[in-house]
Amino acid sequence: MTNDHLISTLNDLIQISIDGEKGFRACAEDAQERYIPYKETFLQRATACGQAALDLQALVHRLGGEPASHSTLGGALHRQWVNVKSAITGRDDESILDECERGEDAAVNAYRKALSEELPTDIRLIIERQYQGVLANHDKVRSLRNEVRARKAA
């Protein structure tokens, strides 16, 4: 893998991590008051995504590149769609968690794509560790969503 390709791969992950941070912060703001633990979970996940972006930006600097500092266009459009949809249909916890899970699906796919590349061992280890965090985020969001659905069905 060329240095430029490696920097591009890392920048893609930086952008998806920034998307995750912004997405989780938006979910925390939208979570209904009676579900305060969700807010804390979302804020913790936002912080973890932000730290992942910082770690990746440091790698890009180390490689002599210019690290991305913004989210993806797709992530920004997704957040705007969620805002429009929520304004029309309301913001219930299930729909918030559904949208949060969609965002995490994108992160899982981005990390899988990066891990399919030939990466230097030290960078692969960092990306694999972050990927495990992304999977944990995805599973936690899915679990919270399933709890909400079970409560509704009861």
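Since this is a predicted model, take the numbers as computed values, not measurements. Start at 1 with the first residue, then count along the sequence.
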Step-by-step side chain to side chain contact (heavy atoms under 4.5 Å, CB included) determination, Leu135 to Gln130:
CA-CA 9 Å; Leu135 290 175; Gln130 289 185 358; over 6 Å; no

Between Asp19 and Gln15, a side-chain donor and acceptor under 3.5 Å:
no

Give the C-alpha distance, both sets of side-chain angles, the deciding distance and a yes or no for side chain to side chain contact (heavy atoms under 4.5 Å, CB included) between Arg25 and Glu21.
CA-CA 6 Å; Arg25 289 202 191 285; Glu21 180 182 18; 3.5 Å; yes

Work out which heavy atom in Ala68 is nearest to a heavy atom in Ile14; give both atom names and the distance.
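Taking every non-hydrogen atom into account, O-CG2, 3.3 Å.
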
Looking only at heavy atoms, which two atoms of His61 and Pro67 are closest? And how far apart?
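Closest approach of His61 to Pro67: NE2-CG, 3.4 Å.
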
Verify side chain to side chain contact (heavy atoms under 4.5 Å, CB included) between Val148 and Tyr38, making sure each step is shown before the conclusion.
CA-CA 11 Å; Val148 169; Tyr38 293 176; 3.1 Å; yes

Using salt bridge (Lys or Arg N to Asp or Glu O under 4.0 Å) as the criterion, list what pairs up with Glu101, not counting sequence neighbours.
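By the salt bridge (Lys or Arg N to Asp or Glu O under 4.0 Å) rule, Glu101 matches Arg142, Arg145.
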
Check: Leu13 main-chain N/O paired with Ser17 side-chain donor or acceptor under 3.5 Å
yes

Using only atom types and a distance under 3.5 Å, with no angle test, would you say the side chain of Asn11 pairs donor to acceptor with the backbone of Glu66?
yes

Please tabulate, one pair per line, all N/O donor-acceptor pairs under 3.5 Å involving side-chain atoms of residues 117-125, not counting sequence neighbours.
from, atom 1, to, atom 2, distance (Å)
Glu117, OE1, His5, NE2, 3.1
Asp122, OD2, Arg62, NH2, 2.8
Arg124, NH1, Leu115, O, 3.0
Arg124, NH2, Leu115, O, 3.3
Arg124, NH2, Glu117, O, 2.4

Between CZ on residue Phe24 and OG1 on residue Thr41, distance to nearest 0.5 Å:
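Reported to 0.5 Å precision, the distance equals 9.5 Å.
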
Value for CG (Leu56) from OG1 (Thr9), rounded to nearest 0.5 Å, stands at 11.0 Å

Start with the C-alpha gap between Ile127 and Leu10, add the side-chain angles, then the distance that decides, and say whether side chain to side chain contact (heavy atoms under 4.5 Å, CB included) holds.
CA-CA 9 Å; Ile127 292 173; Leu10 292 172; 3.8 Å; yes

I'd like to check the side-chain hydrogen bond (donor to acceptor under 3.5 Å, both in side chains) partners of Asp105; sequence neighbours left out, ordered by chain and number.
His138

Pairwise side-chain contact, [X] with [Y], heavy-atom cut-off 4.5 Å (strictly under):
X: Val141; Y: Leu144; value: no
X: Cys49; Y: Ile16; value: no
X: Cys100; Y: Phe42; value: yes

